[in-house]
Number of protein chains: 2
Amino acid sequence: MSPEEVERIAQGTRELHLARGDVLFQRGDHCTGFHVVIHGKVKLALISPQGLEKVLEIIDPGQSFGEAVMFMGKPYPVYAQALTDSLALHINKNVIVGGIESDPAFCRKMLAGLSIRLHRMIQNVESLSLRSSEQRVIDYLLHDLEEIKNGQDVHISLSANKNVIASNLNITPETFSRILHNLSDAGLIHVEGKDVCIKDVSKLRTYDK
Amino acid sequence: MSPEEVERIAQGTRELHLARGDVLFQRGDHCTGFHVVIHGKVKLALISPQGLEKVLEIIDPGQSFGEAVMFMGKPYPVYAQALTDSLALHINKNVIVGGIESDPAFCRKMLAGLSIRLHRMIQNVESLSLRSSEQRVIDYLLHDLEEIKNGQDVHISLSANKNVIASNLNITPETFSRILHNLSDAGLIHVEGKDVCIKDVSKLRTYDK
DNA sequence: TGGTCAACTTGATTCCGGTCAAGGCAAGAA
DNA sequence: TTCTTGCCTTGACCGGAATCAAGTTGACCA
């Protein structure tokens, strides 16, 4: 982006200082722009008529969310809540629409961003419909661990409370706990609080009950 | 769109005459453009490692698909197969990219289209994670039936074979059959082959086992 | 006329994962 | 210290939907 572009966007941006539990927007709210998380964590979630919650996504620092809704002229289909004390930016819709008018490259970037998001949702549907809860947990653990790290211990840190992750994986906290326990018994992982150590990546990857 | 726009796009378009069962693209194929169904039906689906199929979407005449993948630089995450003998158009990627460069309004339309698709996938995830199989079937029957038609019989026609619809709703054909039977017993619908008659829309809408 | 095949239904059984209930444990407050 | 409170684990039990198996029906073809 050019310096003047940055400046123009900065004009339409404001900081949001969030305490844990603060709601950025409710489902059904009118969309006035999109958000970027600077630090902390934010969750996007749905609530069923019966009050059950499903966490769609956990937004980490550096990630944005809500772009898609801007272009749709529809209200938010999800609600957003800070999981921890957080700092986020709110970038005004107008600034972006302006950018699209004037800058095809910017437009392509927005299209690419949206496409990636759609792709993630397809993967979400795929894992919900075609994979067992155990497979979903394993997928989560192996998550962005593409490089071959066989034979080495890999340490990862759970990005949120276990009940939030469980909801994201569409299982209950009880089931999540039990599955981690099983994998632990099988010698594939070692769990200590939020820290998980994968003892054998390749075995975990091909684990089948 | 201006006449010259139409002409330009027509240049990059070719017709695809499809027999039932023909595959338009496989998961993993490189994307060269997007498709519009003129007549017939096309399904977008996933296959699990175990060979189970999940139908993501059934594309009816007039609808397009595959736009999202164009902007992503990734291969298709799903495969597409004709459900019936069909005619489809393939619109070349280059034509669209050109349109984005030159026409901000066109770009906005693409963004809006993508957003709607994303919105649909979110609804898909919502129904998979928060609704029972029976509720999903009812949602499907009430589908695009927003107008208040209480007190009147509403006739709808299943858009595909029941096993395809079942897969789309993420249930087995057996379960689908049983649920339709139950709703029939409850006097809410009447089923005859692919034709379903909803006897009482408002009761069906609020039906709760 | 019967044969074959796909689509669908129905019944019996199984099992994955949810629900309910109880308890552990660490951190902070009184 | 003891009492919360939130988070997590564990066990017992249950139920919704899948699976397995056996028909039924209708369309098309030999």
Side-chain angles (χ1 to χ4, degrees), chain A residues 19-21 41 43 48 50-55 81 83-85 127-140 157-185 189-196 207-209, chain B residues 19-21 41 43 48 50-55 58 81 83-85 127-138 140 157-185 189-196 207-209:
Chain A
R20 171 185 180 177
K41 308 230 183 231
K43 75 175 177 193
S48 77
Q50 293 82 32
L52 294 176
E53 179 181 72
K54 153 75 185 175
V55 175
Q81 185 181 32
L83 285 172
T84 63
D85 294 353
S127 83
L128 282 177
S129 38
L130 297 175
R131 328 217 84 206
S132 69
S133 57
E134 185 175 65
Q135 286 171 325
R136 289 204 293 279
V137 171
I138 292 174
D139 289 348
Y140 175 81
S157 179
L158 299 183
S159 64
N161 285 344
K162 285 181 179 161
N163 57 17
V164 172
I165 294 173
S167 168
N168 189 26
L169 298 176
N170 223 62
I171 55 182
T172 58
E174 292 96 326
T175 299
F176 189 42
S177 178
R178 280 186 255 264
I179 288 172
L180 287 180
H181 188 100
N182 289 345
L183 295 176
S184 214
D185 278 358
I189 63 172
H190 179 77
V191 184
E192 197 155 331
K194 282 203 194 327
D195 296 317
V196 178
Y207 185 64
D208 194 353
K209 186 43 104 355
Chain B
R20 172 185 180 179
K41 310 229 182 231
K43 75 174 178 194
S48 76
Q50 293 82 32
L52 295 175
E53 181 182 71
K54 154 74 183 174
V55 175
I58 299 166
Q81 185 181 34
L83 286 172
T84 63
D85 293 353
S127 83
L128 281 178
S129 38
L130 298 175
R131 328 215 82 207
S132 70
S133 57
E134 186 174 62
Q135 287 170 324
R136 289 204 294 278
V137 171
I138 292 174
Y140 175 81
S157 179
L158 300 184
S159 64
N161 284 345
K162 286 179 180 161
N163 57 18
V164 172
I165 294 173
S167 168
N168 190 24
L169 298 176
N170 224 60
I171 53 183
T172 59
E174 291 97 324
T175 300
F176 189 41
S177 178
R178 281 186 253 266
I179 289 173
L180 288 180
H181 188 99
N182 290 345
L183 296 176
S184 215
D185 278 358
I189 62 173
H190 179 77
V191 185
E192 196 158 330
K194 282 203 193 330
D195 296 317
V196 179
Y207 184 66
D208 195 352
K209 184 46 100 4

Student: In terms of the nearest nucleotide of DNA chain C, which residue is placed more toward the 5' end: B:Arg20 or A:Arg178?
Tutor: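 Residue closer to the 5' terminus by nearest nucleotide: B:Arg20.
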
Student: Looking only at heavy atoms, what is the nearest atom pair of B:Lys194 and B:Asn161, with distance?
Tutor: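 Of all heavy-atom pairs spanning B:Lys194 and B:Asn161, the closest is NZ-OD1, 2.9 Å.
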
Student: Grab the two heavy atoms, one from A:Val191 and one from A:Leu180, that are nearest each other, plus how far apart they are.
Tutor: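 Minimum heavy-atom contact is CG2-CB, 4.4 Å.
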
Student: Between C1' on C:dG18 and CG on A:Leu128, what's the gap in Å once rounded to a whole number?
Tutor: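 So the two atoms are 16 Å apart, to the nearest Å.
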
Student: OP1 or OP2 of C:dG17 less than 4.0 angstrom from a side-chain nitrogen or oxygen of A:Thr175, does that happen here?
Tutor: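 Indeed not, no polar side-chain atom of A:Thr175 lies that close.
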
Student: Around atom CD of A:Gln50, are there more than 12 heavy atoms from other residues, nucleotides or ligands closer than 6.0 Å?
Tutor: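 Counting other residues, nucleotides and ligands, CD of A:Gln50 exceeds 12 neighbours.
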
Student: Of the nucleotides D:dT10, C:dG11, D:dA17, which one has an atom closest to the side chain of B:Ser132?
Tutor: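 So the nucleotide nearest the side chain must be D:dA17.
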
Student: Indicate whether OP1 or OP2 belonging to D:dA18 is found under 4.0 Å from a side-chain N or O atom of B:Thr172.
Tutor: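 True: B:Thr172 side-chain N/O within range (under 4.0 Å) of D:dA18 OP1/OP2.
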
Student: CG of B:Asn161 versus P of D:dA27: gap in Å, rounded?
Tutor: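 It works out to 14 Å between those atoms.
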
Student: Hey, does A:Arg131 reach any base, or is it just sugar-phosphate, or nothing, if we go heavy atoms under 4.0 Å?
Tutor: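 Here A:Arg131 touches no strand at all.
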
Student: Out of C:dG18, D:dA17, C:dT19, which nucleotide sits closest to the side chain of A:Glu174?
Tutor: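 Selected nucleotide (nearest to the side chain): C:dT19.
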
Student: Looking at every heavy atom in both A:Leu169 and A:Arg136, which two are closest together, and how far apart are they?
Tutor: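 Smallest interatomic distance, heavy atoms only, reads O-NE, 2.7 Å.
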
